[in-house]
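The sequence lines fix the lettering, A, B, ..., with proteins before strands; numbering per chain opens at 1. Quick note: numbers below take in every heavy atom, side chains included, and nothing from hydrogens, waters or symmetry partners.
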2 protein chains.
Amino acid sequence: MTTPELDLPDTTTPTETIAEVAARTGVSAHTLRYYERIGLLTVPRDHAGRRLYTADDVDRVVFITRLRQTDMPIRDIQRYFTLVAEGASTEQERLELLLHHREAVQARLDALHRALDVVDYKITKYGGSARP
Amino acid sequence: MTTPELDLPDTTTPTETIAEVAARTGVSAHTLRYYERIGLLTVPRDHAGRRLYTADDVDRVVFITRLRQTDMPIRDIQRYFTLVAEGASTEQERLELLLHHREAVQARLDALHRALDVVDYKITKYGGSARP
DNA sequence: TATTGACTTCGAGTGCACTCGAAGGCCTAC
DNA sequence: GTAGGCCTTCGAGTGCACTCGAAGTCAATA
C-alpha cells in the first residue's frame, strides 16, 4: 500500500564523508575519487559540493574492493556496473560475468597452488640453491 | 679422483637458441632479453654474438616463471639470484627469502578465497544485483 | 652472389591502476 | 576576521613488468 518507510534500514540518505568512507573501507580518498571519475560510482554532494556517501555507495565500494582483490580488471568492473545501471533486464548478463570471473579466479588459485608447490619443493629439497 | 664427466647430465654446454627457449618456456624472446638486461640471467653467446642457452639457464628461466606466477616482484627475484651468485654462504638467506615469499603467497591464497566467497555469495543470493 | 630471416643492441612506448600536486573553496574555532 | 584543515577539480606523474621498433649483423639457402 504505502512505501515501508520506517521498516527498512536507510541506505540512500547521504551521510558519510569521503574521509569516513576511506577510513572504513581502506580505500584512499584519492582512489575513491578515481573510482568515481571512471564511472564506478556516482556520489551525491552536500550544499558545498563535497561528497556525501550513502550506505549503498559504501556497499558498492566494498564490493568493488572484493572484485579488485580477485584481480578483476577495472574494465570488467565498469562493465558490471554499466549493466547494473541498465536495470533488471541485464541480470542474466551480470551473472554470467560473475560466473566467468569466478572461473578465472579458480584457475588463478590452481596456478598459484601449483607454482607454490614448486617453491616448496625448492625449499625442502635444495634449501634455496640456483637450480629449480 | 677425476671429475665425473660422463656420469652427470650436461647442464652447462650452451645448446639452445633464444627462439627454442622461448618456445619451450612460453617466455617471449623479448622478455628473455629483458630478464638478462636486468641481471636475472647471464647467457653465453656463440661466435656470432647470438645467445646460446645452457640447460641450467633454461632451468633458471623456468624457475623465474614459477616465481613470477606467484607474483614475486622482479626486485625480489633479482635479490634471490644475487644471493645465488654470492655462493653457498648465502643459502640461509635465500631460504628465508623463499619462506617469506611462501607466507605472502599463502596470505594471497587466503585473501583470494575470502574474496571469492563474497563473489559466490553475490552469485547465489542476488543473481548479480547492485548490492554486495 | 643475393636474399631471407633470425638474431643483435638500444631506447622508447604501453597498459594498468593508482597516486600525487597545485590552486582554490568552504566551514569551524579561536 | 583569520588560521587551519578538509574538501574540491584537473591534469600530470609513478611504478611495474613487460613490449616494441629501428637499425644493423650474420649465416644459410636459392
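Classified by interplanar angle (parallel below 30°, tilted 30° to 60°, perpendicular above 60°), the ring pair B:H113/A:H113 is tilted.
At the heavy-atom level, A:A19 lies under 4.0 Å from the strands shown only through sugar-phosphate atoms.
In this structure a side-chain-to-backbone donor-acceptor pair under 3.5 Å is missing from B:T31 to B:V27.
Side-chain heavy atoms closer than 4.5 Å link hydrophobic residues (I, L, V, M, F, W, Y) into clusters, and following such links, possibly through other members, connects B:L97 to B:L95.
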Give me the distances for all protein-to-nucleotides 27-30 of chain D N/O pairs that come in under 3.5 Å?
unit_1 : atom_1 : unit_2 : atom_2 : d
D:dA27 : OP1    : B:H47  : ND1    : 3.1
D:dA27 : OP1    : B:H47  : NE2    : 3.4

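The side-chain hydrogen bond (donor to acceptor under 3.5 Å, both in side chains) check on A:D120 picks up B:R102, with sequence neighbours excluded. Not counting sequence neighbours, the partners of B:R66 by the side-chain contact (heavy atoms from CB on, under 4.5 Å) test are A:V118, B:V62, B:Q69. For A:R68, the side-chain hydrogen bond (donor to acceptor under 3.5 Å, both in side chains) criterion is met by no residue, not counting sequence neighbours. Remark: B:E16 engages B:E20, B:V21, B:R24, B:Y53, B:V58 in a side-chain contact (heavy atoms from CB on, under 4.5 Å) (not counting sequence neighbours). In this structure A:T42 satisfies the side-chain contact (heavy atoms from CB on, under 4.5 Å) test with no other residue, sequence neighbours excluded. Scored by the side-chain contact (heavy atoms from CB on, under 4.5 Å) test, B:R50 finds B:D46, B:A48 as partners (sequence neighbours excluded).
The stretch residues 75-90 of chain B participates, sequence neighbours left out, in these salt bridge (Lys or Arg N to Asp or Glu O under 4.0 Å) pairs: B:R79-B:E93. Note on residues 103-116 of chain A: pairs passing salt bridge (Lys or Arg N to Asp or Glu O under 4.0 Å), not counting sequence neighbours, are A:R108-B:D71.
Annotation: proximity of residues 30-43 of chain A to DNA chain C (heavy atom, distance under 4.0 Å) is found for A:H30, A:T31, A:Y34, A:Y35, A:R37, numbered in ascending order. For the contact set between residues 67-74 of chain A and DNA chain C, defined by any heavy atom under 4.0 Å, the members are A:R68, A:P73, A:I74.
OP1 or OP2 of D:dT8 has at least one side-chain nitrogen or oxygen of A:R51 nearer than 4.0 Å.
For DNA chain C, the outermost nucleotides in 5' to 3' order that have an atom under 4.0 Å from a heavy atom of chain B are C:dC7 to C:dA12.
A 4.5 Å side-chain heavy-atom check between A:Y35 and A:F81 finds every atom pair outside the cut-off.
Between B:R60 and the choices B:T54, B:L41, B:V43, B:T65, the side chain to side chain contact (heavy atoms under 4.5 Å, CB included) rule is met once, by B:L41.
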